[in-house]
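Values in this document were obtained by computation on a predicted structure and should not be read as measured data.
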Amino acid sequence: MLFNSFSFILIFLPVVLLVWHGLNYIKKEKLADIFLVAASLYFYGRFSKEFVVLLLISCCITYIISSLIIDLKKAYTSKLLMYFGIILNLGMLGYFKYTNFFMENIAAITGKEFSALNIALPIGISFYVFSQIAFLVDIYRENQEGHPLIKDGELLGKVSPIEYLLYITYFPKIIQGPIALPYEMISQFRDKERRTLKAVNFRKGIQLFVIGLSKKVLLGDNLSKIADYGFKYTYYMDTITGILVLISYAFQLYFDFSGYCDMAEGISLMLGTELPQNFNSPYKAYSVRNLWQRWHMTLTRFFVRYIYIPMGGSRKGKLRTALNILIIFVVSGFWHGAGWTYICWGLIMGILVVFDNLGFIATEGDIKKNYLLRDKPLLVIPKVLGQALTFIAFLISLVFFRSQDMTYAFQMFKQFFFFTWPGFMYKTAEMLDISENYMVLQAAKLYAKGFVNYIYVGSWIVLLLISTVVMAKDNAREIIEKEPKKGQIALLVILFAWSFISLSQVSTFIYFQF
């Protein structure tokens, strides 16, 4: 079941909201928690019933380990248990996600034949595995190192099985994040004030959901038709078409992921719980370092908190700091997919972030006190130039991120560096056969056949321009903090109706595959 589906919007979400708030209204908080866990498992089970069992088994094992960490007083034993739990979770993730990748590369090295195993990747496994690792580490730190998890100094303490299951399986985040920390969620589930239905939360939640739905359905899904076709037929792309395809993919990725994040945050807000911000206008970033403070923010936070800092962070010298940054981004690339294209993409991002930290060039508004090689930047460029260069760098890196393999990636670069014009733009633009153009296209086919190709290309350019304008405006979180005016309410109603009508072509989200 997807957020952008009739069954979710018309049945599942209304029923969950009604029962959740109804049970909390009559002070049946524990029963409300049990219901929300059951609803979350049902939601997850609609993707694959078999993997619900895997999810529950991993939750039970991790919860038992975490309970032993709390009960055992010896720090050494608790640490061993924590590492054991982490290894179990990573082992499960590794088996489902990376077995074929490693077997294929071993076969290539040894010269043996490779036959891929039929291993289906459980939806959302990366996200709930990382949540469980965060829980194990944070519980250990609180109980053995005395670090309070909740911001005001309160201890998280003993977590009940239902609280734990709710933290892991909470349906707005289990499929595609954000990767919330234990104290962020469990402390809110324990807060009775948050269980009270509040009009302002409901209003903001609906706004976020509608904004996210329209991003996904009206922009992301339409751009995906262009991107999928372009990267499938890379060898036929001409230079200009290839550049437009790449930009279309960058925009698709933006609207697909930010749309999901908006919908997830909106749903959760209607339930009375705030999810951590995961997406903050990354294409407005003025350096690659700043981009990763805005894109998939909770994933970046996870890697910093549980890998970068334990490796020494920036405390062990400048060379070690640069190496740690590179390691984090290579790991991030490998997390996104089991392929050398993803590893290469992660390495490129890491190198660019290290370059930002060297101190040769800085952007206005993004000047640090200390760089790896200099106290002050050698050159400070205008913010607008920094934003343009950052977007171009990210755009180029996406060639590796989206290409089928390294051969296709190099072929795409070849198209950029050796100018060609075989006229493949018309063929690619035809993929944008959207219902909004139906009447115009029918009229053109009857009375002006020579203009049909121009209509397709024009629609593509208009879609890219609309996407650019939307990204330049306030993001969804900024919009909902302002009291909506009548015109904005009318626009939301139109967007929802338009998106709802377009749900006949329901598609999954890009980050499901990660």
Side-chain angles (χ1 to χ4, degrees), residues 176 212 215-234 237-262 278-297 299-300 329 332-333 336-337 341-342 344-346 348-349 352-353 384-404 408-409 411-413 415-416 425 428-429 431-432 459-473 475-476 507 509-511 513-514:
Q176 198 173 308
K215 283 181 183 177
K216 164 65 176 171
V217 175
L218 302 179
L219 296 175
D221 284 353
N222 285 319
L223 289 165
S224 72
K225 299 171 184 177
I226 295 290
D228 291 346
Y229 185 81
F231 277 94
K232 181 179 180 180
Y233 296 101
T234 300
M237 286 289 116
D238 58 86
T239 304
I240 295 176
T241 306
I243 292 171
L244 290 176
V245 164
L246 186 57
I247 294 172
S248 298
Y249 176 64
F251 287 2
Q252 178 209 353
L253 193 62
Y254 181 101
F255 289 118
D256 190 280
F257 190 35
S258 67
Y260 175 89
C261 292
D262 292 341
N278 205 26
F279 203 85
N280 183 22
S281 303
Y283 290 169
K284 294 179 183 177
Y286 29 80
S287 68
V288 178
R289 181 179 65 247
N290 182 241
L291 185 144
W292 286 106
Q293 294 167 347
R294 294 167 172 263
W295 184 292
H296 212 327
M297 297 156 68
L299 179 68
T300 302
F329 278 95
S332 175
H336 279 87
T341 52
Y342 291 107
C344 187
W345 170 79
I348 290 170
M349 287 288 98
L352 291 173
V353 172
V384 174
L385 180 58
Q387 289 173 322
L389 292 175
T390 299
F391 179 71
I392 291 170
F394 186 66
L395 197 64
I396 293 170
S397 76
L398 289 180
V399 172
F400 290 102
F401 192 83
R402 181 59 179 82
S403 293
Q404 300 176 41
Y408 273 78
Q411 179 62 34
M412 180 67 86
F413 280 116
Q415 310 289 36
F416 296 155
M425 182 180 291
T428 307
M431 297 300 105
L432 200 62
S459 301
W460 186 4
I461 300 302
V462 168
L463 189 59
L464 291 177
L465 290 174
I466 292 171
S467 300
T468 304
V469 171
V470 171
M471 288 186 291
K473 297 290 185 180
N475 62 41
S507 64
F509 293 86
I510 292 176
Y511 266 71
Q513 63 185 301
F514 305 141

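Contact detail for Ala393 and Leu352: the closest heavy-atom pair is CB-CD1, 4.0 Å. Residues Ser224 and Gln252 approach most closely at CB-NE2, 3.1 Å, considering heavy atoms. Here the closest heavy-atom approach between residue Gln387 and residue Lys284 is recorded as NE2-O, 2.8 Å. Closest approach of Tyr254 and Pro282 over heavy atoms only: CE1-CD, 3.7 Å. Here the closest non-hydrogen pair linking Asp262 and Gly212 is CB-CA, 3.6 Å. The nearest pair of heavy atoms linking Leu223 to Ser467 is CD1-OG, 3.8 Å.
Ring pair Tyr283/Phe391 is perpendicular by interplanar angle, where above 60° counts as perpendicular and below 30° as parallel. Ring pair Tyr342/Phe401 is perpendicular by interplanar angle, where above 60° counts as perpendicular and below 30° as parallel. Aromatic ring pairs are classed by plane angle as parallel below 30°, tilted from 30° to 60° and perpendicular above 60°; the pair Phe251 and Phe255 is perpendicular. Taking the six-membered ring where the residue is Trp, His296 and Phe257 present tilted rings, their angle falling between 30° and 60°.
Judged purely by atom type and a 3.5 angstrom limit, Asn278 uses its side chain to pair as donor or acceptor with the backbone of Met297. Listed for the Arg294 side chain is a donor-acceptor partner under 3.5 Å among the backbone atoms of Asn280. The main-chain N or O of Leu218 is found under 3.5 Å from a side-chain atom of Asn222 such that the two form a donor-acceptor pair. Side chain of Thr428 to backbone of Gly230: no donor-acceptor contact under 3.5 angstrom is found.
Residues Ser248 and Leu464 have side chains in contact (heavy-atom distance under 4.5 Å, counting atoms from C-beta outward). Using a 4.5 Å cut-off on side-chain heavy atoms (C-beta onward), Val399 and Tyr408 make no contact. Using a 4.5 Å heavy-atom cutoff, the side chains of Asp228 and Arg402 are in contact. The shortest distance between side-chain heavy atoms of Val288 and Phe394 does not fall below 4.5 Å. The side-chain heavy atoms of Leu246 and Met237, taken from C-beta on, include no pair separated by under 4.5 Å. In this structure, the side chains of Met425 and Ile240 come closer than 4.5 Å at one or more pairs of heavy atoms. Side-chain atoms of Ile348 and Cys344, non-hydrogen and from C-beta on, do get closer than 4.5 Å to each other. With a 4.5 Å cut-off on side-chain heavy atoms, Trp460 and Thr241 count as touching.
Centroid-to-centroid, the aromatic rings of Phe231 and Tyr249 come within less than 6.0 Å. Not less than 6.0 angstrom separates the ring centroid of Phe279 from the ring centroid of Tyr260.
A distance of 8.0 Å separates CD1 of Ile247 from OG1 of Thr468, quoted to the nearest 0.5 Å. The CG atom of Leu244 sits 9.0 Å away from atom CG of Asp238, with the distance rounded to the nearest 0.5 Å. Here OG of Ser281 is found 11.0 Å from CG of Leu291. Values are rounded to the nearest 0.5 Å. Atoms CD1 and CG, from Ile226 and Leu432 in turn, are 5.0 Å apart once rounded to the nearest 0.5 Å. Put simply, CD1 on Ile243 and CD on Gln415 are 10.5 Å apart, with the number rounded to the nearest 0.5 Å.
Salt-bridge check for Asp221 with Lys215: failed, with every basic side-chain N at 4.0 Å or more from each acidic carboxylate O.
Looking at Ser332, Ser403, Ser397 one by one, the single match for side-chain hydrogen bond (donor to acceptor under 3.5 Å, both in side chains) with Trp345 turns out to be Ser397.
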